[in-house]
Asker: 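Right, I'll just put the structure down here and ask away after.
Scope of the values below: all heavy atoms of this structure, side chains included, with no hydrogens, waters or symmetry mates.
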Amino acid sequence: MRTIAKTTALLFAGSALLTAAGAQADKADWPESFTVGTASQGGTYYVYGSGWANFIADGLDISGGGEVTGGPTQNLALVNNGDAAFGLTTMGPAADAVNGKSPLAPGVEMDNVCAMFPMYETPFSITALEGSGIESISDIPDGARIGFGPAASTSDTYFPEILKTLGVEFDRRNGGWTDLGGQLQDGLLDVIAFAAGIPIPAVSQLEVQTDVNIIEFTEEEVETVLENFPVAEFMIPASTYSTLKEDSRVVSMWNFAITGCDMPDDFVYEVTKRTMENNDKMRSIHRSAETTVPENIKHNTVLPFHPGAARWYEENGYDIDPELIR
């Protein structure tokens with residue numbers, strides 16, 4: 001009996017060694033380090049992406065960090081070209097990129113971009129100084145100096161067209177959110193048109209330093225925008241900003257984390273697993289991560305899912321259309 005027990009113990013030990021060796025061999029295919037394409041400082045992408053990069057790097061014992069970029073459109077190009085392992089993007093620019101309509105690479109169909117996990121909805125919201133007298137979109141005067149964020153960002157791509165559709169004539173300005181917030185406070189801008197996850201750090205900072213108006217869309221304006229753009233109605237909760245006394249009606253677009261379709265399956269699986277199984281830690285990075293949960297994978301109908309990410313979802317009972325798996 002002692003011989004059988006000893007033999008069994010040796011077999012289990014050998015199996016454990018083989019498992020460990022196999023895991024080590026799989027990890028040998030992983031990149032030595034990674035970067036996450038975010039956006040400008042002062043925006044939600046930078047806070048969310050940099051915090052998430054550190055969370056993944058610490059958990060998987062690999063070097064990684066966030067990188068300041070021009071936002072979703074540039075992140076798609078960086079990931080597609082292999083210049084960034086991961087990136088954050090919105091569904092509008094993603095649809096343009098895979099169909100060869102990216103403003104950064106017209107005619108180039110970006111086919112090396114895969115979805116990993118849902119992040120949050122990006123509300124399109126407008127902020128002005130209280131002293132400006134601008135309390136609604138119809139109050140924005142012709143020729144108003146409006147900051148739309150970094151060039152080619154989601155905000156810069158869609159918000160100017162949205163405002164034109166609503167009859168607003170403006171002088172278009174670009175820049176990082178923190179810089180634009182300073183310009184608004186100094187009277188160099190009349191309005192900032194934000195498209196970023198909430199709470200937007202630049203708006204929260206403005207609230208501390210001065211009185212602002214956070215402007216909502218009327219029901220008619222929402223209907224007009226829904227008819228013309230790939231967005232959905234969204235309510236910014238009053239608790240988001242001290243300025244708001246009640247929920248604010250706007251429109252929004254979903255965000256997803258992306259990776260190169262050629263990234264190692266096991267690596268992307270572990271990254272997805274750590275993200276999806278630790279929502280409390282994700283919410284400590286940024287409040288918007290409350291919706292960074294697997295149930296929201298249904299909001300991606302544009303990009304193929306990376307097979308490593310898809311494996312985690314399928315193992316945990318979340319169905320993905322096979323046609324949406326790379």
Asker: Hydrophobic side-chain clustering at under 4.5 Å (ILVMFWY, transitive links): who's grouped with Val68? Put none if nobody.
Answerer: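 Taking Ile, Leu, Val, Met, Phe, Trp and Tyr as members, Val68 shares its hydrophobic cluster with Tyr46.
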Asker: Indicate yes or no: does Asp171 engage Arg173 in a salt bridge with an N to O separation below 4.0 Å.
Answerer: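 Here Asp171 pairs with Arg173 in a salt bridge, since their nearest N and O are under 4.0 Å apart.
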Asker: With sequence neighbours excluded, tell me which residues meet side-chain hydrogen bond (donor to acceptor under 3.5 Å, both in side chains) with Arg311.
Answerer: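 In terms of side-chain hydrogen bond (donor to acceptor under 3.5 Å, both in side chains), with neighbours along the sequence ignored, Arg311 is linked to Asp266.
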Asker: Are the side chains of Thr224 and Leu166 in contact, using a 4.5 Å heavy-atom criterion?
Answerer: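 They are in side-chain contact.
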Asker: Only counting residues at least two apart or in another chain, list the ones meeting side chain to side chain contact (heavy atoms under 4.5 Å, CB included) with Thr178.
Answerer: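 Thr178 satisfies side chain to side chain contact (heavy atoms under 4.5 Å, CB included) with no other residue.
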Asker: Can you find a side-chain donor-acceptor pair between Asn278 and Arg274 that sits under 3.5 Å?
Answerer: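 No, no side-chain donor-acceptor contact under 3.5 Å.
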Asker: Name all residues meeting the side-chain hydrogen bond (donor to acceptor under 3.5 Å, both in side chains) criterion together with Asp83; count only those two or more places apart in sequence or in a different chain, and write none if there are none.
Answerer: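 Counting only residues at least two positions away or on another chain, Asp83 forms no side-chain hydrogen bond (donor to acceptor under 3.5 Å, both in side chains).
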Asker: Do Val222 and Arg249 have side-chain heavy atoms sitting under 4.5 Å apart?
Answerer: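 Sidechains of Arg249 and Val222: in contact.
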Asker: Less than 4.5 Å apart, side chain to side chain, heavy atoms only: is that true for Thr292 and Trp52?
Answerer: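 The answer is no, as the side chains (C-beta and beyond) never meet within the 4.5 Å cut-off.
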Asker: Check Ile320, Asp321, Val268 against Phe305 for a side chain to side chain contact (heavy atoms under 4.5 Å, CB included) and give me the one that passes.
Answerer: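 Of all the options given, the one that passes is Ile320.
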Asker: Val250 versus Glu233: any side-chain heavy-atom pair under 4.5 Å?
Answerer: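 With C-beta onward as the side chain, the pair stays apart.
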Asker: What side-chain donor-acceptor pairs closer than 3.5 Å can you find for residues 182-202, not counting sequence neighbours?
Answerer:
{"from": "Gln183", "atom 1": "NE2", "to": "Asp179", "atom 2": "OD2", "distance (Å)": "3.0"}
{"from": "Asp190", "atom 1": "OD1", "to": "Arg145", "atom 2": "NH2", "distance (Å)": "3.2"}
{"from": "Asp190", "atom 1": "OD2", "to": "Arg145", "atom 2": "N", "distance (Å)": "2.7"}
{"from": "Asp190", "atom 1": "OD2", "to": "Arg145", "atom 2": "NE", "distance (Å)": "3.1"}

Asker: For the residue pair Asn296 and Thr291, confirm or rule out a side-chain donor-acceptor distance under 3.5 Å.
Answerer: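 Distance-only check fails for Asn296 and Thr291.
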Asker: Would you check if Tyr48 and Thr38 make a side-chain contact, meaning some heavy-atom pair closer than 4.5 Å?
Answerer: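 With C-beta onward as the side chain, the pair stays apart.
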Asker: For residues Ser138 and Ser136, is any side-chain donor paired with an opposing acceptor at under 3.5 Å?
Answerer: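 Looking only at side-chain atoms, Ser136 and Ser138 do form a donor-acceptor pair, the distance falling under 3.5 Å.
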Asker: Could you list the residues that satisfy side-chain hydrogen bond (donor to acceptor under 3.5 Å, both in side chains) with Thr157, not counting sequence neighbours?
Answerer: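 So Thr157 forms no side-chain hydrogen bond (donor to acceptor under 3.5 Å, both in side chains) with any residue.
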Asker: Do Glu161 and Phe229 have side chains that approach each other closer than 4.5 Å (heavy atoms only, starting at C-beta)?
Answerer: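 Side chain of Glu161 against side chain of Phe229, heavy atoms only: contact under 4.5 Å found.
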Asker: Filter on ring-ring contact (aromatic ring centres under 6.0 Å, His included), then keep only pairs touching residues 231-255, sequence neighbours left out; what's left?
Answerer: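 ring-ring contact (aromatic ring centres under 6.0 Å, His included) check on residues 231-255 returns Trp254-His299.
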Asker: Treating Ser248 as the side-chain partner and Leu244 as the backbone partner, does any N or O pair qualify as donor plus acceptor under 3.5 Å?
Answerer: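 No; zero donor-acceptor contacts below 3.5 Å.
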Asker: Under the ring-ring contact (aromatic ring centres under 6.0 Å, His included) test, which residues partner Phe267, sequence neighbours left out?
Answerer: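 Counting only residues at least two positions away or on another chain, Phe267 forms a ring-ring contact (aromatic ring centres under 6.0 Å, His included) with Trp30, Phe86.
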Asker: Within the structure provided, determine whether Met263 and His306 are in side-chain contact (heavy-atom separation under 4.5 Å).
Answerer: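 Met263 vs His306: side chains touch.
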Asker: Below 3.5 Å, can you tabulate the donor-acceptor pairs from side chains in residues 104-117 to any protein atom, sequence neighbours excluded?
Answerer:
{"from": "Asn112", "atom 1": "OD1", "to": "Cys261", "atom 2": "N", "distance (Å)": "3.1"}
{"from": "Asn112", "atom 1": "OD1", "to": "Asp262", "atom 2": "N", "distance (Å)": "3.3"}
{"from": "Asn112", "atom 1": "ND2", "to": "Asn80", "atom 2": "O", "distance (Å)": "3.2"}

Asker: Which pair of non-hydrogen atoms, one from Ile137 and one from Ile215, has the smallest distance, and what is that distance?
Answerer: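 Shortest heavy-atom contact: N-CG2, 3.7 Å.
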Asker: Scan side-chain atoms only and decide if Glu277 and Trp312 contain a donor-acceptor pair under the 3.5 Å cut-off.
Answerer: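 Their side chains do contain a donor-acceptor pair, which is all the 3.5 Å distance test asks for.
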Asker: Not counting sequence neighbours, which residues clear side-chain hydrogen bond (donor to acceptor under 3.5 Å, both in side chains) with Gln209? List them please.
Answerer: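 Here no residue qualifies.
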Asker: Do Asn213 and Leu129 have side chains that get closer than 4.5 Å, going by heavy atoms?
Answerer: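 Of all side-chain heavy-atom pairs linking Leu129 with Asn213, none is under 4.5 Å.
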Asker: Please report the C-alpha distance between Leu60 and Val271 in whole Å, then the side-chain angles of each, then the deciding distance to 0.1 Å, and finally whether the side-chain contact (heavy atoms from CB on, under 4.5 Å) criterion is met.
Answerer: CA-CA 8 Å; Leu60 300 184; Val271 170; 3.8 Å; yes
Asker: Could you tell me whether the side chain of Asp156 and the main chain of Gly149 form a donor-acceptor pair under 3.5 Å?
Answerer: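 No, Asp156 side chain to Gly149 backbone: no donor-acceptor pair under 3.5 Å.
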Asker: Do Glu207 side-chain atoms and Thr243 backbone N/O form a donor-acceptor pair below 3.5 Å?
Answerer: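 At least one qualifying donor-acceptor pair exists.
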Asker: Indicate whether the side chain of Asn255 and that of Tyr45 have a donor and an acceptor atom separated by less than 3.5 Å.
Answerer: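 Tyr45 and Asn255 do have a side-chain donor-acceptor pair below 3.5 Å.
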Asker: Would you list the pairs meeting side-chain hydrogen bond (donor to acceptor under 3.5 Å, both in side chains) in which at least one residue belongs to residues 87-96, sequence neighbours left out?
Answerer: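 Qualifying pairs: Thr90-Thr154, Asp96-Tyr158.
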Asker: Examine distances only and state if a side-chain atom of Asn300 and a backbone atom of Leu303 form a donor-acceptor pair shorter than 3.5 Å.
Answerer: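 Between the backbone of Leu303 and the side chain of Asn300 there is a qualifying donor-acceptor contact (under 3.5 Å).
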Asker: What closest approach, in Å, do Pro72 and Ser153 show between heavy atoms, and which atom pair accounts for it?
Answerer: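 That closest heavy-atom pairing would be CD-CA, 4.4 Å.
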Asker: Kindly write out the residues that satisfy ring-ring contact (aromatic ring centres under 6.0 Å, His included) with Phe170, not counting sequence neighbours, or none if the list is empty.
Answerer: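 Once residues adjacent in sequence are excluded, the partners of Phe170 under the ring-ring contact (aromatic ring centres under 6.0 Å, His included) criterion are Phe148.
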